[in-house]
Amino acid sequence: MYGTEYRVNSAGYFSTDNMESIASPQDYDVPCSACHAAGRCAHVMIPARLSCPQGWSKEYSGYLMSSNHAHQSNKNFICVDGAPNLVPGSSANDNGAVLYLVEAACGSLPCGPYISGYELTCVVCTK
């Protein structure tokens with residue numbers, strides 16, 4: 001099992017609110033996290049949206065990330081907060097498990113609401 005690091009080759013996607021003086025999370029390790037919303041028993045991650053349906057509470061929004069589409073592995077898609085936390089001093093570029101921004105690819109994914117080649121946002125909602 002490997003630790004995970006961000007692979008984002010350009011600044012500007014993520015807010016730097018939680019990154020001190022770092023402009024991009026490129027090669028920084030992803031800290032472990034767990035989300036607990038007291039009194040709420042249902043949660044959903046919705047790709048390609050930044051807001052929750054009526055009656056749901058927004059916990060956070062950001063970008064959909066996964067391993068590279070060309071890498072041979074099972075693909076899990078996760079919603080990474082738009083102001084991600086980093087493990088301080090961890091920019092070693094170990095290339096263990098690497099998270100990439102997910103882009104829309106028209107084909108089996110309809111091009112109606114999606115634009116091919118654009119990064120997908122996401123939101124995590126609870127109820």
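Position 1 is the first residue of the sequence; numbering continues from there. In this text, all values refer to a predicted model and were calculated from it rather than measured experimentally.
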Please report the closest heavy-atom contact between Tyr6 and Pro31, naming both atoms and the distance.
OH-CD, 4.4 Å
For Thr126, the side chain to side chain donor-acceptor pair (under 3.5 Å) test, sequence neighbours excluded, returns Arg40, Glu59
How about Arg7 and Asn95: do any of their side-chain heavy atoms sit closer than 4.5 Å?
yes
Check Met65 against Leu99 and note the closest heavy-atom contact, atom names and distance.
CE-O, 3.5 Å
Would you give the length of the straight line joining atom CG of Leu109 to atom OG of Ser116, rounded to the nearest 0.5 angstrom?
8.5 Å
Which residues satisfy the side chain to side chain donor-acceptor pair (under 3.5 Å) test with Glu103, sequence neighbours excluded?
none
Report yes if some heavy atom in the side chain of Ser61 is under 4.5 Å from a heavy atom in the side chain of Thr121; otherwise report no.
no
Check Pro84 against Ser15 and note the closest heavy-atom contact, atom names and distance.
CD-O, 3.9 Å
Which residues satisfy the side chain to side chain donor-acceptor pair (under 3.5 Å) test with Thr16, sequence neighbours excluded?
none
How long is the span from the CG atom in Asp29 to the CG atom in Asn85, to the nearest 0.5 Å?
13.0 Å
Would you kindly confirm whether Leu50 and Tyr114 end up in one hydrophobic cluster when ILVMFWY residues are joined by side chain heavy atoms under 4.5 Å apart?
no
Hydrophobic clusters here meaning ILVMFWY residues chained together by side-chain heavy-atom distances under 4.5 Å, can you tell me if Ile22 and Val8 are in one?
yes
When hydrophobic residues are tied together by side-chain contacts of less than 4.5 Å, even through go-betweens, does Tyr28 share a cluster with Val30?
yes
Which of these, Val124, Val123, Ile78, sits in a side-chain contact (heavy atoms from CB on, under 4.5 Å) with Met45?
Val124
Restricting to non-hydrogen atoms, name the atom on Cys122 and the atom on Val80 that form the minimum distance, rounded to 0.1 Å.
SG-N, 4.2 Å
Tell me which pairs pass ring pair (Phe, Tyr, Trp, His ring centres under 6.0 Å) where either residue lies in residues 38-66, with sequence neighbours left out.
Tyr13-Tyr63, Phe14-Tyr63
Across all chains, not counting sequence neighbours, the side chain to side chain donor-acceptor pair (under 3.5 Å) partners of Lys127 are none
Contacts of Asp81 that satisfy salt bridge (Lys or Arg N to Asp or Glu O under 4.0 Å) - sequence neighbours left out:
none
What's the spacing between Cys79 SG and Leu120 CG if we round to 0.5 Å?
10.5 Å
Short question: side chain of Ser66, backbone of Asn76 - any donor-acceptor pair under 3.5 Å?
yes
Without swapping roles, check the side chain of Asn18 against the backbone of Ala83 for a donor-acceptor pair under 3.5 Å.
yes
